[in-house]
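Down below is the structure, laid out as structure tokens.
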Number of protein chains: 2
Amino acid sequence: MTGKGASRARRGRPRQAEVARLAGVSQTTVSLVLGGNKQGITLHEDTRRRVLAAARELGYVPDPAARRLAAARNNLLGVFSFTATFPTAVEHSYYPFLVGVEQEAAARGYDLVLFTGSSSGSQAAAPGALERVRLADGCLFLGRHLPADGLRRLVEHGYPAVHVGRHEELAGLAWVGVDYVAASFEVVRHLEGLGHRRVVLVREDDEAPASTDRERGFRSGLAGPGAGDAVVRTADPASDITPGWLRARLAEGVTAFVAEETDTGAAWRALLAAVDGAGLSAPDDLSLALLGSPPADLAARPEPAGFDIPRAALGAAAIRMLTALLAGETADEPLVACAFRPGTTAGPPPAAP
Amino acid sequence: MTGKGASRARRGRPRQAEVARLAGVSQTTVSLVLGGNKQGITLHEDTRRRVLAAARELGYVPDPAARRLAAARNNLLGVFSFTATFPTAVEHSYYPFLVGVEQEAAARGYDLVLFTGSSSGSQAAAPGALERVRLADGCLFLGRHLPADGLRRLVEHGYPAVHVGRHEELAGLAWVGVDYVAASFEVVRHLEGLGHRRVVLVREDDEAPASTDRERGFRSGLAGPGAGDAVVRTADPASDITPGWLRARLAEGVTAFVAEETDTGAAWRALLAAVDGAGLSAPDDLSLALLGSPPADLAARPEPAGFDIPRAALGAAAIRMLTALLAGETADEPLVACAFRPGTTAGPPPAAP
DNA sequence: TTGTATGCGTTATCAG
DNA sequence: CTGATAACGCATACAA
């Protein structure tokens, strides 16, 4: 005998068998009633009610592991983050996203499971950590540096996975992302509409899709050709974007500057400091725009022209994509649009002297 | 026949049995080797290597659902909020809490399930919503107005539940809370140490434990008796705490004012406005303290004397309490201490004229 | 030291 | 319409 009641850790958790006993039916019947009777078997309305009552009485809730093991569904959706499930540094961006995820999941009758990638803050996720998500019917994946091999295994085995953020490398991996191209394009058009003819983009020196997409939108928004020097890549905005640099660009005829939003907000910060250091101010002497939202510490003043990333909408879109996958449907549009923000830092270029 | 290979969606995933066949051993041995051999059974180093090699060869990864089913526990901890799982209004306080919850849970090998009490803002939770938490091994409950009857059912059934916030009414319900009494006491002592002899507490007019605890600590920190009029309860601080009111108190010899932190920060806001409206300033003309943290919109200037609520620590403590319950251990200290914050709004009382 | 037999809770099949 | 019964993949007393 294998410890009938001895080593039972799942104390108190009522099972279908107990519901069956209380209702005076078989466990199969309970499964049938509670499972929505997919087989279309006709059941006595009376039996149905007795089972339902017994289940409520006992507080029965199906065991997700058993449900899943039996090749059925859980109504559980996972969220897996490669850093920590709750990054502390970026809460202003992460929290709204989760709000969207949560609401959309709830609206569709799913509960959310948060899988923690790296428990002790160490970057590398534990070997088997990724596989835990299989407990859920499907899972969202967040983070820049994903363990491609682990994820590949999952998608190759047909596990429903959606990456948050554009991701073309891993073929077959579904994703949702922000339409940085269109949003950045719109910002540039706005500046040109104001009369600006030469605009410079300051971006950090990495190859994240979020960065390259912004640059692409920026470039396609520029009117003329010869925009080769319109983009400045710098790994250290604070020391490269100086008042002197700013003056030099102005002397060349540049009238507007666009910064990319990054985790740290370094580019925008540097731009503001340079303008300040040069004794200039926007939008009188030049125009400024930010491709995203400003860092929290300089959120209010001045409100940058640019766009807001609809993080909650992104979360909702991710869930929609995932549930579409689960339903075997073809996924809809993976890109969510940004809201243009006029702000107070952009205006017509100063009249030429 | 029960669909041996027909409707099998789980293609390709190697199981222990296949690893066993390849290694020329039994499935049990595979489980033993791969499971870390908790039983301390001695295995041939040779066998071990063969199994490991076979597992790697096949790319074997354990199925989390099966693992949890066999272990009779699913390693899931729930978080249930009676407002919304992700309250948008109080994210500054909710997020850090979740950070603590997440880290502590991860450190103990648990994943988190987020339950939505009232998803679409409607106050009343759906009838069965509470019962769903049984899906997790245990659950945290947040929120002021909990459906006592539903919760009672759960705890009476022996379901491991921990309420976040002091809660004595429902006997048998474990809880963790912030030690507002000690923290408030410390603030008052600090003020008295600075020389203040008459101090007034402004609090809102409700009976939340968080409020009454603060008042208790405040009162016990006061030196003399006759502190009856030292506490002002108001349902509408904005219209009660006026410059005139302030002047009257000062005339009575009061030199320091303490506000309670609330969701809206109304008391602190009103106090600041009154001081401003009276043309006074802290800490020169009077001293101010806040029993908690200021609302986000006036976070920085001035930094109030008072204390910071260690929300992450609270979350961690809640998880520790819950896992202690799960282990059948006796729970440890339910109160987490606050960090005193000197701030810039309290100083010695002005010299008597 | 390794293999056999069982059970975990659910779903699904098939015979009463 | 209902009740046995067999998987699902893994872990574990117990036998060999």
Side-chain angles (χ1 to χ4, degrees), chain A residues 1-21 23-48 50-51 55 58 60-75 128 131 134-135, chain B residues 1-21 23-48 50-51 55 58 60-75 134-135:
Chain A
M1 195 174 299
T2 172
K4 190 97 179 178
S7 66
R8 289 287 310 289
R10 222 202 249 352
R11 308 160 308 180
R13 230 172 170 316
R15 318 169 258 188
Q16 285 190 345
E18 305 177 18
V19 176
R21 205 176 317 138
V25 299
S26 79
Q27 178 267 331
T28 303
T29 306
V30 174
S31 177
L32 235 43
V33 172
L34 267 38
N37 190 10
K38 315 275 185 188
Q39 285 78 33
I41 298 178
T42 52
L43 299 168
H44 262 167
E45 182 56 29
D46 189 48
T47 312
R48 228 182 72 82
R50 278 217 316 282
V51 169
L58 263 41
Y60 170 82
V61 168
D63 184 325
R67 224 178 176 28
R68 189 82 183 128
L69 186 58
R73 290 193 169 177
N74 257 355
N75 273 359
E131 292 289 332
R134 299 191 53 98
L135 180 66
Chain B
M1 190 174 301
T2 173
K4 191 94 179 181
S7 66
R8 289 289 309 290
R10 249 201 229 2
R11 306 162 314 178
R13 276 182 65 73
R15 319 168 258 191
Q16 285 189 346
E18 305 177 21
V19 175
R21 206 175 318 137
V25 298
S26 77
Q27 178 262 327
T28 303
T29 305
V30 175
S31 175
L32 239 40
V33 172
L34 268 38
N37 191 8
K38 315 274 186 188
Q39 286 78 34
I41 296 178
T42 51
L43 299 167
H44 261 169
E45 181 56 26
D46 189 48
T47 313
R48 227 181 75 81
R50 279 217 316 283
V51 170
L58 264 43
Y60 170 81
V61 287
D63 182 329
R67 191 192 271 281
R68 293 176 193 212
L69 181 58
R73 57 176 350 193
N74 48 37
N75 273 12
R134 300 184 106 115
L135 180 156

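Predicted, not measured: the structure shown is a model, and the values here were computed from it. We use all heavy atoms of the structure for the numbers below, so side chains are in, but hydrogens, waters and symmetry mates are not. In the text below, chain A, chain B and the rest are named by the order of the sequence lines, each starting its count at 1.
- C:dG9 atom C1' lies 6 Å from atom CG of A:Asp63, rounded to whole Å.
- The residue among A:Gly24 and A:Ala66 whose nearest nucleotide of DNA chain D is located toward the 5' end is A:Gly24.
- Checked by distance alone, B:Thr28 brings a side-chain donor or acceptor within 3.5 Å of a matching partner on the base of C:dT4.
- Going from atom CD of A:Gln16 over to atom C1' of C:dT11 covers 8 Å, rounded to whole Å.
- Between the P atom of D:dG9 and the CG atom of B:Leu58 lies a distance of 14 Å, rounded to the nearest Å.
- OP1 or OP2 of C:dG3 lies within a sub-4.0 Å distance of a side-chain N or O belonging to B:Thr29.
- Side-chain atoms of A:Thr47 lie closest to D:dT2 of the nucleotides D:dT2, C:dT2, D:dG9.
- Among the protein residues, B:Val30 comes within range of no part of the nucleic acid, since none of its heavy atoms lies under 4.0 Å from any strand.
- Set against C:dT2, D:dC10, C:dG9, the side chain of A:Ala70 has C:dG9 as its closest nucleotide.
- In this structure, B:Ser26 does not reach the C:dT2 phosphate: none of its side-chain N or O atoms is under 4.0 Å from OP1 or OP2.
- Atoms CG (B:Leu32) and P (D:dC10) sit 14 Å apart, rounded to a whole Å.
- When the side-chain hydrogen bond (donor to acceptor under 3.5 Å, both in side chains) test is applied to A:Ser26, the partners found at least two apart in sequence or on another chain are A:Thr29.
- For B:Arg67, the side-chain hydrogen bond (donor to acceptor under 3.5 Å, both in side chains) criterion is met by no residue, not counting sequence neighbours.
- For C:dG9, neither phosphate oxygen OP1 nor OP2 lies less than 4.0 angstrom from any side-chain nitrogen or oxygen of A:Arg67.
- Proximity of a side-chain donor or acceptor of B:Asn74 to a complementary backbone N or O of A:Ala65 within less than 3.5 Å is not detected.
- Taking OH from A:Tyr60 and CZ from A:Arg15, the interatomic distance works out to 11.0 Å, rounded to the nearest 0.5 Å.
- Residue B:Arg73 contributes atom CZ, which lies 18 Å from atom C1' of C:dG7 at whole-angstrom precision.
- Considering only side-chain N and O atoms, A:Ser31 lies nowhere under 4.0 angstrom from the phosphate OP1 or OP2 of C:dA12.
- One atom, CZ of B:Arg68, and another, C1' of C:dG9, lie 15 Å apart when rounded to the nearest Å.
- Of the charged side-chain nitrogens involved, at least one lies within less than 4.0 Å of a carboxylate oxygen, so that B:Arg48 and B:Glu45 count as a salt-bridged pair.
- One interatomic measurement links the two molecules: CZ of B:Arg15 to P of D:dA7, which rounds to 11 Å at whole-angstrom precision.
- Atom pair B:Arg134:CZ and C:dG9:C1' shows a separation of 16 Å (rounding to whole Å applied).
- Phosphate contact (OP1/OP2 of D:dA4, side-chain N/O of A:Gln27, threshold under 4.0 Å): absent.
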